[in-house]
Amino acid sequence: MQIQIQRTSKSRISEVDFNNIPFGKVFSDHMFIVDFDGKDWVDPRIEPYSNLSVSPAISALHYGQSIFEGLKAYRFDNGEARIFRPDANWLRMNKSAERLCMPQMDQNMFVEGIRRLVEIDQNWIPEKGGYSLYIRPFMFATDEYVGIRPSETYRFVIFTCPVGSYYSGMVNVKVSDHYVRAFPRGTGYAKVAGNYAAGMMPLKHAREEGFDQLLWLDGKEMKYVEESGTMNLFFVIDDTLITPVADGTILEGITRDSVLKLAQDLEIKTQVRKIAIEEVFEAYNYGKLKDAFGTGTAATIAQLNSITYKGYKMQLPPAEERPISNLLGQTLDDIRHGRTEDRYNWMLKV
Ligand SMILES: *Cc1c(COP(=O)(O)O)cnc(C)c1O
């Protein structure tokens with residue numbers, strides 16, 4: 001694949017205060033673009049980050065034919081730039097694309113697009129602990145047609161943002177006992193734009209009540225724990241790590257998958273199964289709920305401080321008294337900064 005490269009004539013990097021970066025509001029110098037002409041992906045290019053020009057009739061704007069991904073590049077302690085598991089994001093992007101009748105991408109274009117973009121803007125990867133370069137690939141429909149049918153043409157874009165940590169402290173979540181995020185045979189497993197729009201009003205209400213995030217229950221019985229915000233969930237009951245099984249309504253996180261693999265290596269007892277919110281409460285009441293945390297690219301591992309369901313609040317142990325999430329978080333961090341062996345070949349070299 002031949003990527004045309006047009007470099008910016010004036011980098012904006014000196015304008016950025018790398019000690020104080022708001023999440024998702026600072027954009028690196030360049031972006032990657034490739035267009036689907038109805039048959040092939042054509043004209044891959046890297047150009048200065050700027051506004052896009054599109055028809056007001058594209059179905060991405062009207063009917064949500066739009067999908068995205070999220071991953072990060074890290075700086076090893078020796079200075080090398082590395083990207084965490086881009087192949088896994090490529091697979092998931094194609095799953096999302098299939099669900100919305102959008103074209104598949106080949107692995108080389110997706111991964112090489114990310115790699116070249118990060119290579120060009122590698123000075124934007126912060127060095128500070130806990131910081132990284134967030135990478136946002138996305139695809140949207142571009143046909144100029146206001147009727148409802150899958151578009152024939154599409155655009156795929158990648159931009160990047162230097163970021164610090166997503167949550168500044170521990171997270172207080174409210175169990176959503178009315179609205180749901182996903183339902184059986186819907187689009188919960190896919191990273192499609194509309195899923196997030198639908199969650200914004202319930203989240204806004206929860207924020208007004210002082211919570212950081214919502215915990216979603218299953219859309220059929222409102223009984224089983226699904227996920228929280230853009231994080232998958234893990235609970236530690238006694239000495240067993242439990243995460244809900246992903247059977248169509250849960251977005252299968254790459255951080256979730258990584259945590260499961262590491263837990264196995266670290267010989268932590270693990271179960272992937274349905275878990276009812278009542279079971280979490282019962283464990284809490286018996287003093288068996290030792291830890292609860294969310295996993296996702298933005299937040300990495302975010303310990304839950306409290307979980308509130310129908311007005312009843314479970315207060316979880318202090319951060320330092322949670323050996324399992326601390327160990328998993330540390331191990332993941334060590335891999336991402338080249339401090340420990342990368343046994344799974346997760347860190348793609350730029
Ligand atoms: C992206 C996302 C996650 C986490 O996935 P990662 O690959 O770990 O970043 C979890 N839940 C939802 C709803 C998401 O959109």
Side-chain angles (χ1 to χ4, degrees), residues 23-24 64 66-74 83-97 99-100 110-111 114 132-139 158 160-161 163 165-167 171 173 176 179-183 186-200 202-203 206 212-219 224-235 243-263 272 292-304 325 328-329 331-333 335-336 344 346-348:
F23 190 95
S66 179
I67 59 177
F68 67 98
E69 273 302 323
L71 66 163
K72 280 177 173 174
Y74 297 84
I83 302 163
F84 187 71
R85 305 191 66 181
D87 295 336
N89 292 89
W90 165 70
L91 282 172
R92 190 170 66 190
M93 177 103 177
N94 276 347
K95 268 187 14 184
S96 302
R99 184 65 180 79
L100 295 198
F110 184 92
V111 176
I114 291 172
S132 56
L133 188 71
Y134 184 78
I135 303 165
R136 168 53 60 89
F138 61 107
M139 191 205 297
I158 312 167
T160 68
C161 304
V163 295
S165 52
Y166 194 68
Y167 294 106
V171 186
V173 302
S176 177
Y179 294 102
V180 295
R181 190 193 87 91
F183 42 85
T187 57
Y189 69 90
K191 230 169 163 74
V192 310
N195 285 353
Y196 304 85
M200 285 181 190
L203 178 60
D212 301 301
Q213 262 308 338
L214 281 169
L215 186 157
W216 301 108
L217 297 178
D218 76 277
Y224 297 100
V225 172
E226 298 225 307
E227 51 186 318
S228 179
T230 55
M231 296 190 298
N232 296 113
L233 285 171
F234 286 83
F235 300 91
T243 194
V245 62
D247 56 5
T249 53
I250 290 177
L251 195 295
E252 271 190 82
I254 292 156
T255 320
R256 171 183 180 274
D257 180 71
S258 308
V259 160
L260 286 171
K261 290 201 166 88
L262 292 178
V272 179
F293 57 95
T295 63
T297 295
T300 303
I301 288 186
Q303 293 174 331
L304 303 190
S325 55
L328 288 164
T331 309
L332 210 45
D333 212 49
I335 293 172
R336 287 168 165 170
Y344 295 99
W346 281 342
M347 305 305 300
L348 178 75

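Counting starts at 1 for both ligands and their atoms, in listed order.
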(message) Looking only at side-chain N and O atoms, does Thr249 offer a donor or acceptor that is under 3.5 Å from a partner on Asp218?
(response) no
For [X], atoms of ligand 1 separated by under 4.0 Å from a heavy atom:
{"X": "Gly296", "result": "4 (C), 8 (O), 9 (O)"}
{"X": "Arg92", "result": "5 (O), 6 (P), 7 (O)"}
{"X": "Arg181", "result": "13 (C)"}

For [atom], which protein heavy atom lies nearest, and how many Å away is it?
{"atom": "atom 5 (O) of ligand 1", "value": "Gly253 CA, 3.2 Å"}
{"atom": "atom 14 (C) of ligand 1", "value": "Lys191 NZ, 3.0 Å"}
{"atom": "atom 9 (O) of ligand 1", "value": "Thr297 OG1, 2.6 Å"}
{"atom": "atom 15 (O) of ligand 1", "value": "Tyr196 OH, 2.4 Å"}

Treating [X] as the side-chain partner and [Y] as the backbone partner, does any N or O pair qualify as donor plus acceptor under 3.5 Å?
{"X": "Lys72", "Y": "Thr297", "value": "yes"}
{"X": "Asn232", "Y": "Gly296", "value": "no"}
{"X": "Asn195", "Y": "Ala182", "value": "no"}
{"X": "Ser228", "Y": "Leu214", "value": "yes"}

(request) Salt-bridge test for Arg181 and Glu227: reply yes if a basic N is under 4.0 Å from a carboxylate O, no otherwise. (result) yes
(message) Please determine whether a side-chain nitrogen of the Lys or Arg among Glu69 and Arg92 lies less than 4.0 Å from a carboxylate oxygen of the Asp or Glu.
(response) yes
(request) Answer yes or no: does an N/O atom from Arg256 fall short of 3.5 Å to an N/O atom of ligand 1? (result) no
(message) Check for me whether Gly229 has a heavy atom closer than 4.0 Å to any atom of ligand 1.
(response) yes
(message) My understanding is that we take every heavy atom of each candidate and find the minimum distance to atom 13 (C) of ligand 1. Doing that for Glu69, Glu252, Met231, Glu227, which one comes out nearest?
(response) Glu227
(message) Please compare Ile254, Thr255, Thr230, Val259 and report which has the shortest non-hydrogen distance to atom 10 (C) of ligand 1.
(response) Thr230
(message) Do Met347 and Tyr74 have side chains that approach each other closer than 4.5 Å (heavy atoms only, starting at C-beta)?
(response) yes
